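Reviewing the structure listed below.
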Amino acid sequence: INYHGQVRGFQEGHQVKCEWMQVILDRPVYLNQALKPKDPKAAEPLLDLAQAEERAGNIPGAVAAYRRAIERAPNNGIVLNTLAYLLAGDPDARDEAVRLAERAHSLAPQSPVVADTLGWLLYLKGDLPRAEALLAAAAKAAPGIAEVRYHLGMVYAKQGKTEDARRELEAALKAGTFKDAAEARRTLESLQAEGIVGVRLQWFFRNPLPDLAGGEFLNLCRVLRDLD
């Protein structure tokens, strides 16, 4: 396949960014290095291939390459963690992802990135107490990583810890762009709406109601509406 010719033609017609062009150009090189490594036991060529496939959006190809890399380097915590995170999006693969993340965490227990991956997978599996512990530690160690703050915020939201959830989701959105930013905004808006309803209900129960008739009921509804 003439990758270079296809890429140049596409670039001229659609003005694709140069970095993406380089990813496409490099993939055959990485593939050749992975298939014909100088050292058959070396994991690095497979890691290069996996990262190139991931950048190109070929997640199944990246997963396959990471699996082969783990065969050559079974105690590489970074590879274990990366594969676990990629598998998190597949509900059928989450048990395997948790096992990989547990192994990565045992190899790198102080890494906030590894703790984040395991914590998020546990959240997806419904183990909220342990997910909270891991993600809170990760957020404390790396408060500037947006995804870590987002993951912790989602755990708090699931547990009904509204104020904590708001704090973490707001921090995540301020920290920078990340893949699930839209979901973070939706969750934050939902929590804010729940807060408004809560204020209204508190007012409603703390204030005795008069006998309502006719327009008085409508006036009370307007008062409750305007409390926010």
Side-chain angles (χ1 to χ4, degrees), residues 23 26-27 30-31 33-35 37 39-159 168 172 175-176 178-181 183-184:
V23 168
D26 286 344
R27 287 174 71 196
Y30 293 139
L31 180 60
Q33 291 174 348
L35 294 176
D39 180 1
K41 296 182 180 180
E44 286 76 9
L46 287 166
L47 295 180
D48 290 339
L49 174 61
Q51 290 164 5
E53 296 287 14
E54 192 176 350
R55 290 195 299 270
N58 181 14
I59 301 304
V63 167
Y66 278 122
R67 288 189 191 282
R68 293 180 60 192
I70 289 173
E71 291 176 0
R72 297 183 185 179
N75 293 321
N76 188 316
I78 295 174
V79 181
L80 291 165
N81 180 74
T82 304
L83 179 55
Y85 194 78
L86 287 179
L87 293 175
D90 180 1
D92 294 331
R94 281 184 191 151
D95 287 341
E96 179 190 3
V98 169
R99 289 194 297 271
L100 291 167
E102 293 277 17
R103 284 174 58 194
H105 190 251
S106 69
L107 292 166
Q110 303 303 318
S111 169
V113 174
V114 172
D116 172 64
T117 298
L118 179 55
W120 184 240
L121 282 163
L122 292 172
Y123 162 81
L124 295 173
K125 294 283 290 180
D127 187 350
L128 299 181
R130 190 168 176 223
E132 179 185 343
L134 285 162
L135 290 167
K140 183 178 180 179
I145 300 180
E147 280 198 338
V148 174
R149 306 298 294 271
Y150 162 68
H151 290 160
L152 180 57
M154 295 299 285
V155 170
Y156 283 143
K158 192 76 170 179
Q159 293 174 310
E168 294 303 320
F178 57 102
K179 180 177 56 119
D180 294 312
E183 179 61 24

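From a predicted model like this one, the values you see are computed outputs, not experimental measurements.
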Exercise. Hey, does Y66 have a side-chain heavy atom less than 4.5 Å from the side chain of L46?
Worked result: no

Exercise. How about K125 and D95: do any of their side-chain heavy atoms sit closer than 4.5 Å?
Worked result: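 The answer is yes; the side chains approach within 4.5 Å.
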
Nearest heavy atoms of [X] and [Y], plus distance in Å:
| X | Y | result |
| --- | --- | --- |
| A97 | A84 | O-CB, 3.4 Å |
| A104 | L80 | CB-CB, 3.9 Å |
| V114 | A101 | CG1-O, 4.4 Å |
| M154 | Y123 | O-CE1, 3.7 Å |
| A62 | A50 | CB-O, 3.5 Å |

Give, for atom [atom1] of [X] and atom [atom2] of [Y], the distance between the pair rounded to the nearest 0.5 Å.
| X | Y | atom1 | atom2 | value |
| --- | --- | --- | --- | --- |
| L152 | W120 | CG | CH2 | 10.5 Å |
| N81 | D116 | CG | CG | 8.0 Å |
| L124 | H151 | CG | NE2 | 8.0 Å |
| L118 | S111 | CG | OG | 11.0 Å |
| R67 | L86 | CZ | CG | 10.0 Å |
| I70 | L100 | CD1 | CG | 5.5 Å |

Exercise. Quick check: does any side chain N or O of N76 sit under 3.5 Å from a backbone N or O of V79, one acting as donor and the other as acceptor?
Worked result: yes

Exercise. Is the side chain of R149 donor-acceptor paired with the backbone N or O of P143 at a distance under 3.5 Å, no angle test?
Worked result: yes

For this session: Just jot down the side-chain hydrogen bond (donor to acceptor under 3.5 Å, both in side chains) partners of Y150, sequence neighbours excluded, or say none.
Result: none

List the atom pairs, with distances to 0.1 Å, where a side-chain N or O of residues 127-138 and a protein N or O form a donor-acceptor pair under 3.5 Å, not counting sequence neighbours.
unit_1	atom_1	unit_2	atom_2	d
R130	NH1	E102	OE2	2.7
R130	NH2	E102	OE1	3.1
E132	OE1	Q159	NE2	3.2
E132	OE1	K161	NZ	3.0
E132	OE2	K161	NZ	3.2

For this session: Give a yes or no on this: more than 12 heavy atoms of other residues, nucleotides or ligands lie within 6.0 Å of atom CG of L107.
Result: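 Atom CG in L107 is packed in, count exceeds 12.
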
